[in-house]
A.B. asks: 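Here it is: the structure, laid out below.
Any value given below was found using the heavy atoms of this structure, including those in side chains, with hydrogens, waters and symmetry copies removed.
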Amino acid sequence: MKTKEDFLADPEFIAWVKHPNEQLDRYWSNWMAANPGQVGELKLAREILLRVRYSEYPAPKRVREDILQQLLREPEPQEQPEKAAGKRVLTFGWKAVGQVYRIAAILLLSFGLGWWLSPPSAPISSGTLAEEISWIEKVTQPGEKLLLTLGDGSRIWLNANSKLYFPEKFDSLERSVRLEGEAYFEVEKDSLRPFHVETNGLVTTVLGTTFNIANREGSAIAISLVSGAVKVREKTATDPVWLKPGEALHHDAVSGKQRVRSFDPNVVLGWKEGWIRFEHASLNEVLQTLENWYGVAFRVQGSKPVAWEFSGEYKEQTLEEVLRSMAYIQGFQFSIEEKIVHLKF
């Protein structure tokens with residue numbers, strides 16, 4: 001396991017933080033994906049480097065590289081005779097200096113003399129670096145929808161009866177939000193800060209793309225990709241699933257089973273434009289959708305049909321109009337009492 005001191009002693013890590021390029025971005029992004037348990041220490045080291053402010057006075061390249069090689073070399077212990085006691089004393093040279101001074105020397109050689117000559121600042125502890133994150137919660141009630149624009153420019157459409165949690169300010173390494181319910185995402189591209197959506201044990205990671213996530217109680221989680229690319233993985237698993245545009249991942253949070261298949265954007269994304277669309281939907285899916293859309297609760301009397309499927313679409317119609325159309329096709333009776341709807345089969 002690497003510590004923040006290990007990162008601070010790594011010239012390639014220092015170069016990435018101070019002078020990033022496409023190759024270094026790709027390397028460290030892949031490293032973080034492969035080592036999620038060490039990202040916390042990496043963040044602390046990165047914040048330390050970013051807080052260092054100095055004017056650069058670079059030494060000649062050949063001199064700097066020669067000294068750096070000397071600092072990184074691990075010399076063999078040397079023996080020295082002690083005349084008075086007749087004992088041998090081991091001198092360890094560089095190792096005796098300690099890891100902290102080694103890091104300081106590498107930083108000095110990497111960035112020039114400005115950091116060394118600048119006035120000393122207060123020591124930075126892990127507590128001050130891990131600044132407390134202030135989270136914001138946005139909630140939609142049944143029958144309500146909400147459009148949000150985050151600080152990075154990403155836009156999120158929150159469907160009815162849903163919750164979104166996001167930090168007041170994204171940190172310098174990643175952008176993370178949590179979702180309960182359903183939302184459509186237009187993520188602003190940022191190659192240095194991947195965008196993570198956590199929902200019921202799944203983590204969806206993107207750089208810049210458009211996709212829909214539906215996480216409703218009693219239904220499988222559905223992640224539908226419209227454009228770009230996304231990576232989906234369980235928090236406790238290492239093997240991710242990559243989606244292509246037009247593909248949707250359906251994940252059963254109870255059994256853990258999942259499958260990838262194509263989807264109809266008109267059905268999945270219709271809610272954004274005010275459409276209610278069903279395609280071979282079960283009775284539970286229909287009732288849950290109508291509850292969220294109209295803010296009502298259903299009470300079912302009689303035996304629910306086992307093989308019940310419904311397909312249809314509605315826009316700007318009242319609940320009574322929708323139910324009348326369904327009742328004619330599916331053969332049930334209904335009555336509406338304020339916010340309670342009674343169905344009788």
A.B. asks: For residues 241-248, which side-chain N or O atoms pair as donor and acceptor with protein atoms under 3.5 Å away, sequence neighbours left out?
C.D. replies:
{"unit_1": "E247", "atom_1": "OE1", "unit_2": "K244", "atom_2": "N", "d": "2.9"}

A.B. asks: Mind checking what makes side-chain hydrogen bond (donor to acceptor under 3.5 Å, both in side chains) contact with R178, not counting sequence neighbours?
C.D. replies: none
A.B. asks: Listed by chain and number, what are the side-chain contact (heavy atoms from CB on, under 4.5 Å) partners of A229, not counting sequence neighbours?
C.D. replies: none
A.B. asks: Roughly how far apart are E186 CD and L147 CG, rounded to 0.5 Å?
C.D. replies: 8.5 Å
A.B. asks: Between the side chains of Y294 and T318, is a donor N or O closer than 3.5 angstrom to an acceptor N or O?
C.D. replies: no
A.B. asks: Flag yes if I221 and L164 sit in one hydrophobic cluster, no otherwise; membership is Ile, Leu, Val, Met, Phe, Trp, Tyr, and two members link when side-chain heavy atoms are under 4.5 Å apart.
C.D. replies: yes
A.B. asks: Could you list the donor-acceptor pairs under 3.5 angstrom formed by side chains in residues 336-345, with sequence neighbours left out?
C.D. replies:
none

A.B. asks: Applying ring pair (Phe, Tyr, Trp, His ring centres under 6.0 Å) as the test, list every pair that has at least one member in residues 169-202; sequence neighbours left out.
C.D. replies: W157-Y184, F185-F211
A.B. asks: Show me the donor-acceptor pairs, under 3.5 Å and distance only, between side chains in residues 272-281 and residues at least two apart or in other chains.
C.D. replies:
{"unit_1": "R277", "atom_1": "NE", "unit_2": "E313", "atom_2": "OE1", "d": "3.1"}
{"unit_1": "R277", "atom_1": "NH1", "unit_2": "N266", "atom_2": "O", "d": "2.9"}

A.B. asks: Taking salt bridge (Lys or Arg N to Asp or Glu O under 4.0 Å) as the cut-off, I'd like each qualifying pair that reaches into residues 190-210, sequence neighbours left out, listed once.
C.D. replies: D190-R193, E198-K235
A.B. asks: Got a sec, which residues hit side-chain hydrogen bond (donor to acceptor under 3.5 Å, both in side chains) with T289, two or more places apart in sequence or on another chain?
C.D. replies: none
A.B. asks: W31: what forms a ring pair (Phe, Tyr, Trp, His ring centres under 6.0 Å) with it, not counting sequence neighbours?
C.D. replies: F7, W28
A.B. asks: Please enumerate all residues that pass side-chain hydrogen bond (donor to acceptor under 3.5 Å, both in side chains) together with R324, with sequence neighbours excluded.
C.D. replies: E320
A.B. asks: Which salt bridge (Lys or Arg N to Asp or Glu O under 4.0 Å) pairs, counting each pair once, include a residue from residues 135-152, with sequence neighbours left out?
C.D. replies: D152-R175
A.B. asks: Roughly how far, to the nearest 0.5 Å, is the CD atom of Q38 from the NZ atom of K4?
C.D. replies: 13.5 Å
A.B. asks: Suppose we screen for side-chain contact (heavy atoms from CB on, under 4.5 Å). Which residues come up paired with T3, at least two apart in sequence or across chains?
C.D. replies: E5, D6, E41
A.B. asks: How about E321: does its CD atom have over 12 heavy atoms from other parts shown lying under 6.0 Å from it?
C.D. replies: yes
A.B. asks: Hey, are the side chains of L323 and F298 touching, using non-hydrogen atoms and a 4.5 Å cut-off?
C.D. replies: yes
A.B. asks: With no hydrogens and no angle check, do the side chains of S224 and N212 hold a donor and an acceptor under 3.5 Å apart?
C.D. replies: no
A.B. asks: Under the 3.5 angstrom rule, does the side chain of T140 hit a backbone N or O of N161 as a donor-acceptor pair?
C.D. replies: yes
